[in-house]
Amino acid sequence: MTNRKILEDLDYWTAFDKRLVELMNLTKGAQMLDVGACLIAAAKKIGSTGHVIGIDLYENCITEVNSNIEKNKLINASVEIMDARNLTYKDNTFGYITSGFIGFGDVFDFANNKCRKENDKLEHIYCVLKPIGKVGISK
Ligand SMILES: C[S@@+](CC[C@H](N)C(=O)[O-])C[C@H]1O[C@@H](n2cnc3c(N)ncnc32)[C@H](O)[C@@H]1O
């Protein structure tokens with residue numbers, strides 16, 4: 001098998017999304033926010049009494065996730081266009097928040113291990129998290 005074929009067969013993002021969701025130890029019935037598309041794996045875990053809202057910056061990503069929601073016949077998941085820097089949910093809304101590879105290179109200099117500027121994405125994410133909630137981020 002060629003390297004190219006191996007890469008084509010490897011569902012890169014899905015594998016990372018599934019692992020992030022596993023590490024979250026989600027409870028049935030949870031209210032959850034997903035930034036950047038771990039939503040399908042999460043919705044399956046939390047069951048029909050819970051709900052996951054997924055957000056993304058781009059219409060095409062939302063359309064793709066919506067068709068996956070339909071394909072998987074999920075009734076506990078929805079998606080909308082929104083920027084993690086400008087969340088419109090009330091503070092303390094979600095018991096769990098996941099964020100899969102939305103990128104923090106703009107706010108953090110990983111090579112030199114220091115902040116470039118205020119981390120406005122994380123700040124907003126923490127505001128909408130319940131006080132005893134849990135956040136899982138893949139960089
Ligand atoms: C690299 S993809 C992650 C892959 C994804 N986990 C999957 O399974 O397809 C990152 C996603 O985060 C979204 N994103 C990046 N910055 C964002 C922000 N500030 N607010 C909302 N979504 C954002 C991007 O549009 C992109 O769809």
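Here the structure is a predicted model, which is why all the values come from computation and not from measurement. Just so it is clear, the values below take in all heavy atoms, side chains as well, and ignore hydrogens, waters and symmetry mates. In listed order, ligands and their atoms are each counted from 1.
Using a 4.0 Å cut-off to heavy atoms of D83, the atoms of ligand 1 that qualify are 18 (C), 19 (N), 20 (N). In the vicinity of D17, heavy-atom distances shorter than 4.0 Å reach the ligand 1 atoms 5 (C), 6 (N), 7 (C), 8 (O). Applying the 4.0 Å criterion to heavy atoms of G100 picks out, from ligand 1, the atoms 3 (C), 6 (N), 10 (C). Heavy-atom contacts of A84 reach the following atoms of ligand 1: 18 (C), 19 (N), 20 (N), 21 (C) (cutoff under 4.0 Å). Below 4.0 Å from some heavy atom of V35 lie the following atoms of ligand 1, by number and element: 21 (C), 22 (N).
Of the possible donor and acceptor atoms, one in the side chain of N76 sits under 3.5 Å from a partner among the backbone N and O of A43.
The environment of K114 atom NZ is sparse: at most 12 non-hydrogen atoms of other residues, nucleotides or ligands sit within 6.0 angstrom. By the 6.0 Å contact criterion, NZ on K134 is enclosed, its count of non-hydrogen atoms from other residues, nucleotides or ligands being greater than 12.
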Enumerate donor-acceptor pairs with a distance under 3.5 Å from any side-chain N or O in residues 60-67 to protein atoms, sequence neighbours excluded.
residue, atom, partner, partner atom, Å
T63, OG1, E59, O, 2.9
S67, OG, E64, O, 3.1

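We find the CD1-CD1 distance between I102 and I137 to be 7.5 Å, quoted to the nearest 0.5 Å.
Using 4.0 Å as the threshold, C61 has a heavy atom nearer than that to some atom of ligand 1. The shortest heavy-atom distance from M82 to ligand 1 is under 4.0 Å.
Between L39 and D34 the shortest heavy-atom distance is N-OD2, 3.2 Å.
For Y58, no nitrogen or oxygen atom sits less than 3.5 Å from a nitrogen or oxygen atom of ligand 1, counting backbone and side chain alike.
Residue nearest to atom 13 (C) of ligand 1, selected from I55, L20, D56: D56 (by heavy-atom distance).
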